[in-house]
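Each remark here refers to the structure printed beneath this line.
By convention here, the first residue in the shown sequence is residue 1.
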Amino acid sequence: QVQLVESGGGLVQPGGSLRLSCAASGSISSIYAVNWYRQTPGKQRELVALITNGGITNYADSVKGRFTISRDKAKNTAYLQMNSLKPEDTAAYYCNFATGRGSYWGQGTQVTVSS
């Protein structure tokens with residue numbers, strides 16, 4: 001069974017930083033891309049960042065210059081480094097591995113940016 005376990009969320013002040021982790025286990029293969037989404041109650045799910053298997057990255061305009069997505073393939077772990085956090089970044093963050101055998105999701109981790 002493929003499982004994605006997220007960690008690293010929490011409460012931070014505006015301007016602070018946080019790093020989210022997404023550790024994959026099980027027979028995961030043929031990964032096309034790793035994505036980070038976020039969801040706020042009452043709002044649409046937003047694709048925040050992605051990284052292809054070849055290392056190409058892309059970001060939502062709202063987080064460009066502040067967030068960085070990366071992968072450690074040896075550890076089967078993806079990361080989202082979040083800097084200069086704003087209250088608008090408050091959301092539940094979900095990692096996703098898009099593979100040739102389907103998409104897999106983490107359980108979500110809450111990020112709250114507040115003073």
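Through direct or relayed side-chain contacts under 4.5 Å between Ile, Leu, Val, Met, Phe, Trp and Tyr, V5 connects to no other residue.
There is a side-chain donor-acceptor pair under 3.5 Å between S29 and R101.
Using a distance-only test at 3.5 Å, with no hydrogens or angles considered, no donor-acceptor pair links the side chain of Q3 to the main chain of A24. At distances below 3.5 Å, not a single donor-acceptor pair connects side-chain atoms of T99 with backbone N or O atoms of S103.
Under the ring pair (Phe, Tyr, Trp, His ring centres under 6.0 Å) criterion, the residue pairs touching residues 19-47 are Y37-W105, with sequence neighbours excluded.
Cluster annotation: L18 and Y59 are assigned to the same hydrophobic cluster (Ile/Leu/Val/Met/Phe/Trp/Tyr, side-chain heavy-atom contacts under 4.5 Å, transitive).
For K64, the salt bridge (Lys or Arg N to Asp or Glu O under 4.0 Å) partners two or more places apart in sequence, or in a different chain, are D61. For E46, the salt bridge (Lys or Arg N to Asp or Glu O under 4.0 Å) partners are R38, not counting sequence neighbours. Legend: residues meeting salt bridge (Lys or Arg N to Asp or Glu O under 4.0 Å) with R66, ordered by chain and number and at least two apart, are D89.
In this structure the side chain of S114 reaches within 4.5 angstrom of the side chain of L11, judged on heavy atoms. Annotation: side chain of I51 is not in contact with side chain of I56 (no heavy-atom distance under 4.5 Å). Using a 4.5 Å heavy-atom threshold, the side chains of N53 and K73 count as touching.
If you run side-chain contact (heavy atoms from CB on, under 4.5 Å) between V12 and each of T90, L85, T112, only L85 comes through.
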Give every donor-acceptor pair under 3.5 Å between a side-chain atom in residues 76-84 and any protein atom, sequence neighbours left out.
residue	atom	partner	partner atom	Å
T77	OG1	K75	O	2.9
Q81	NE2	N83	OD1	3.0
N83	OD1	S17	OG	2.9

